[in-house]
Number of protein chains: 2
Amino acid sequence: MKRKHEHTPEDSAPNTISDATLRGFVGYRMKRAFNVVQEDLTTTLRPFDLRMLTYTALVLIVDNPGLRQSQLADAMDIERPNLVVIIDELERRELIVRDRVPTDRRAYALRTTLAGRQLYEKAVAAVTVHEGKLLAGLDDATITTVFDALRTIEKARKRG
Amino acid sequence: MKRKHEHTPEDSAPNTISDATLRGFVGYRMKRAFNVVQEDLTTTLRPFDLRMLTYTALVLIVDNPGLRQSQLADAMDIERPNLVVIIDELERRELIVRDRVPTDRRAYALRTTLAGRQLYEKAVAAVTVHEGKLLAGLDDATITTVFDALRTIEKARKRG
DNA sequence: GAAAATAGATATGAGGCACAACAATGATTG
DNA sequence: CAATCATTGTTGTGCCTCATATCTATTTTC
């Protein structure tokens, strides 16, 4: 069995570290790239006092007014208990409201306030600009290919 | 200013949740796809009693025998304190050893044991198979494009 | 109407990650 | 050479993300 990668001699510390084996895996490459994107997103959202999860929740509530917490948790792929604190924060800051649903008094219909919608507009615009810079080195066709490929991988969960 | 996406009527809960706005962002698509990859990786590594970070560390030590903890932390993009517990675990399981460096008695030269190398072989093979399934829907050219694009995004950090 | 299911909330714990501070050692410089 | 500074690994601490178990209030089902 032939070695895929050369190893450094065993008696001294390598000057430069090789990640050649790991580079063969999508997971490694995705994590590295995503770290950069997430770091950028975090700094982009900081002026708005939003974190990734509060931002995601806000966007989804603006786009889907009246949705239930369980629906939102489902869409965000997080457990219901973890969504509660996110909603708490958005509600405390008066960006959204929890409206009681008359037909089902267990549930809340989530809606944004005017302030929430205004913050949404500003935050989405800022994130759009920042992501544009991250993708500056890629042409439109490549971006489309990448987006489609990511979707394919995402959907591969079911087919496993 | 024209709305990019239609919103659901405001008086009832939407039946299906739209993430159209978020789909416009690489970050969102990458996180979703990466979640699937990571979930698959976790289940793939479980039989070997490895987590993503212990796996990554093991691979890097096999490929770069003799490297220092600080080098490894740097390569893994984590802080030195967090690497200590990872190395502790690998050492306790006798997959690696901490060799004292004669020329610098502060540092450890990290090397794998035979057991570590054997586990490496098996784990890498298993991950390769699993990732192959995740990428089954994509042809080689697409994978190359995606890999290159991820690298471009990763390197965009410096250019910010 | 009783039992099972569902919506949301609370509590708790694990894992990933950052920062501060320390001891031991090494490098620099006056 | 001595004093200062930098680096290596370590410990401690705390935050954030996320999962699970459990609870109450309600609704659905039989």
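Chain naming here is simple, since letters A, B, ... match the order of the sequence lines and numbering starts at 1 in each.
- D:dA19 atom P lies 11 Å from atom CG of A:Leu53, rounded to whole Å.
- Remark: C1' of D:dT17 and CD of B:Glu39 are 16 Å apart, rounded to the nearest angstrom.
- Atom CZ in A:Arg105 sits roughly 14 Å away from atom C1' in D:dT24 (whole-Å rounding).
- Residue A:Leu83 is classed as having no contact, given no heavy-atom separation below 4.0 Å to the nucleic acid.
- The nearest whole Å value for the distance from the CZ atom in A:Arg51 to the P atom in D:dC15 is 13 Å.
- A donor-acceptor contact closer than 3.5 angstrom is absent between the side chains of A:Arg80 and A:Ser70.
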Taking protein heavy atoms under 4.0 Å as touching, what does nucleotides 5-12 of chain D look like 5' to 3' if B marks base contact, S marks sugar-phosphate-only contact and - marks none?
-BBSSBBB
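- At whole-Å resolution of the value, CE in A:Met52 and C1' in C:dG16 are 13 Å apart.
- Nearest heavy-atom pair, A:Arg23 versus A:Arg32, reported as atom, atom and distance to 0.1 Å: NH2-CD, 3.7 Å.
- The backbone N or O of B:Thr42 sits nowhere less than 3.5 Å from a side-chain atom of B:Arg51 that would complete a donor-acceptor pair.
- A salt bridge links A:Arg93 with A:Glu89; the closest basic N to acidic carboxylate O contact falls under 4.0 Å.
- Across B:Asp74, B:Leu72, B:Leu53, a single residue satisfies side chain to side chain contact (heavy atoms under 4.5 Å, CB included) together with B:Leu83, and that is B:Leu72.
- Counted by atom type alone, B:Thr21 and A:Asp63 present one or more donor-acceptor pairs between their side chains at under 3.5 Å.
- Remark: C1' of D:dT17 and CG of A:Leu50 are 17 Å apart, rounded to the nearest angstrom.
- Regarding contacts with the backbone of D:dT17, every side-chain N or O of B:Lys31 stays at 4.0 angstrom or more from both OP1 and OP2.
- At whole-Å resolution of the value, CD in A:Gln38 and P in C:dC17 are 10 Å apart.
- As rounded to whole Å, 12 Å separates atom P of D:dC16 from atom CZ of A:Arg46.
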